[in-house]
Amino acid sequence: MSDTFSLKENFLIGTASAAAQIEGGDALSNWTDWSDKGFIKDGSSIRRANDHYNRWKEDADLMRQMGLQLCRLGLEWARIEPQPGKFDDEAISHYKQEIEYLISLGIKPLVTLHHFSNPQWFEEWGAFEKQDNIPLFLRYVDRMVRELGPLVNEYITINEPNVYAMMGYYTGEFPPGKKSMPKMFHVMSVMAAAHIIAYRRIHRQREKMGFTDTKVSFANHVRVFEPKDPKNPLHKSFARQSEYLFQGAMSKAFMKGEFKLPLRNLCHLKKGEYIDFIAVNYYTRSTVSSLADGTREDAPKNDLGWEIYPQGIEEVSKKLYEILPMEIYITENGTCDNNDSFRSRYICDHLRVISESALPFTRYYHWCFCDNFEWLEGESARFGIVHIDYETQKRTIKKSGEFLTDVIKNNGVTEEKQY
Ligand code: BGC
């Protein structure tokens, strides 16, 4: 297979990150609490991370130097509203400044309003386990959309609600550490309602401010589910069920307000279109022989044991496109490669599939700009195209970072190379 390919016309490339994973510091969040309680496998603390809260300018300059065109960044709600109803003006102007600076460098921001972390007070009040808490999320959303006004026209309401609900309420590995399948589906249902109402309000609010260019979606974590033995009817049925329960039911609820069991339409929302673009977070394929995740033994894997399956990026996107045909942003795609030995190849293969696909892919946000605090794995799982020395916080562009810069510069991959 040839490595060379050209990007689609007007295709843009950048990186994605989440505030809690890069900022460092003492945000009063559920993840600071989880980290303080010692749940991080390598014993590192989210309080260190990349010190991005202080080094944001240096990071933005580095993005510019690398030719990145896009930046998906998160806001840390716990900093913005550290106590219920008490908004921190300094934190708000911090984010405004950062976003203004990115724009001044020619880098287009896409803002994530919720990416796994909650203010600790919201967590203690039951977070998205309680339907009555939806207005609290909306109050924060309203405030930030108003504050960011003309600076930001593109929002992700919620990042990966299925991962948040599964890890926090079913496997219990993320805060609040609960283990109940009905709770997991309830949280997904509450989050779907929160997304749909936020979608409408962001549009309404920006319209009132005179803007007509608003684009809102949620970042959908989607996997390929394949039966371990394609001839085994049980494996096939488990693959179908896993896919439906993990992402299928949820995608329809979030995208179209179509709620099917085990999800419920708690707020009696009308069916409609509740995204303006399809936002795909794609990492891997699961091989299924029961109602649990598995990986093919002979598959190429990353340093966390996740299968590397580039073709999957098109397969998952196609399924979402069939639900609602809209332009597709890859809002996350990346891999844990601690020595940066196969990341360039990974990027090349996924971008080739995107470029050769008939689907309307328009953007690619690589996860992640720099190595960062990888939730449970802490500092020991490296996903960045920029290396972080956690002791000194020195940033060094990796080979894969140089590779991505070349792809942008050459509008594709122009030479056959060994990556
Ligand atoms: C999440 C990121 C995470 C990445 C790699 C995604 O599921 O949105 O926060 O770091 O995967 O695990």
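The first residue in the sequence is number 1, and the count goes up from there. Order of listing sets the numbers, starting from 1, for every ligand and every atom in it.
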**Message:** Please check whether Asn372 reaches ligand 1 - meaning an N/O of the residue sits under 3.5 Å from an N/O of the ligand, judged on distance alone.
**Reply:**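 N/O-N/O distance below 3.5 Å does not exist for this pair.
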
**Message:** Checking the N or O distance criterion of under 3.5 Å, is ligand 1 in contact with Trp375?
**Reply:**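 Such a contact does occur with ligand 1.
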
Measure the distance from [atom] to every protein heavy atom, then report the residue, atom name and distance (to 0.1 Å) of the closest one.
{"atom": "atom 4 (C) of ligand 1", "answer": "Tyr283 OH, 3.3 Å"}
{"atom": "atom 7 (O) of ligand 1", "answer": "Glu160 OE1, 2.4 Å"}
{"atom": "atom 10 (O) of ligand 1", "answer": "Glu374 OE1, 2.6 Å"}

With heavy-atom distances below 4.0 Å as the criterion, list the atoms of ligand 1 near [X].
{"X": "His115", "value": "1 (C), 2 (C), 8 (O), 9 (O)"}
{"X": "Trp306", "value": "12 (O)"}
{"X": "Asn159", "value": "8 (O)"}
{"X": "Phe383", "value": "5 (C), 12 (O)"}

**Asked** Under 3.5 Å, is there a donor-acceptor pair linking the side chains of Glu154 and Tyr329?
**Response**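 Side-chain D/A pair, Glu154 to Tyr329: present.
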
**Message:** Aromatic contact between Trp77 and Phe122, with the criterion being ring centroids under 6.0 Å apart: yes or no?
**Reply:**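 For Trp77 and Phe122, the ring centres are under 6.0 Å apart.
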
**Message:** For His114 together with Tyr164, are the ring centres under 6.0 Å from each other?
**Reply:**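 Aromatic pair counts; centres sit under 6.0 Å.
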
**Prompt:** Listed by chain and number, what are the ring-ring contact (aromatic ring centres under 6.0 Å, His included) partners of Phe116, not counting sequence neighbours?
**Reply:**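 Result, ring-ring contact (aromatic ring centres under 6.0 Å, His included) vs Phe116: Phe174, Trp375.
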
**Request:** Answer yes or no: is there a side-chain heavy-atom contact under 4.5 Å between Glu81 and Trp121?
**Result:**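 They are in contact (side-chain heavy atoms under 4.5 Å apart), so the answer is yes.
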
**Request:** Please report the closest heavy-atom contact between Leu138 and Ala194, naming both atoms and the distance.
**Result:**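 Leu138 and Ala194 have their closest heavy atoms at CD2-O, 4.1 Å.
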
**Asked** Nearest non-hydrogen atom to atom 1 (C) of ligand 1 belongs to which of Met167, His221, Glu332?
**Response**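 Ranked by closest heavy atom to atom 1 (C) of ligand 1, first place is Glu332.
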
**Request:** Assess Arg285 against Tyr309: is NZ or CZ under 6.0 Å from the centre of the six-membered ring, and within 45 degrees of the ring's axis?
**Result:**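 Yes, Arg285 sits over the ring of Tyr309.
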
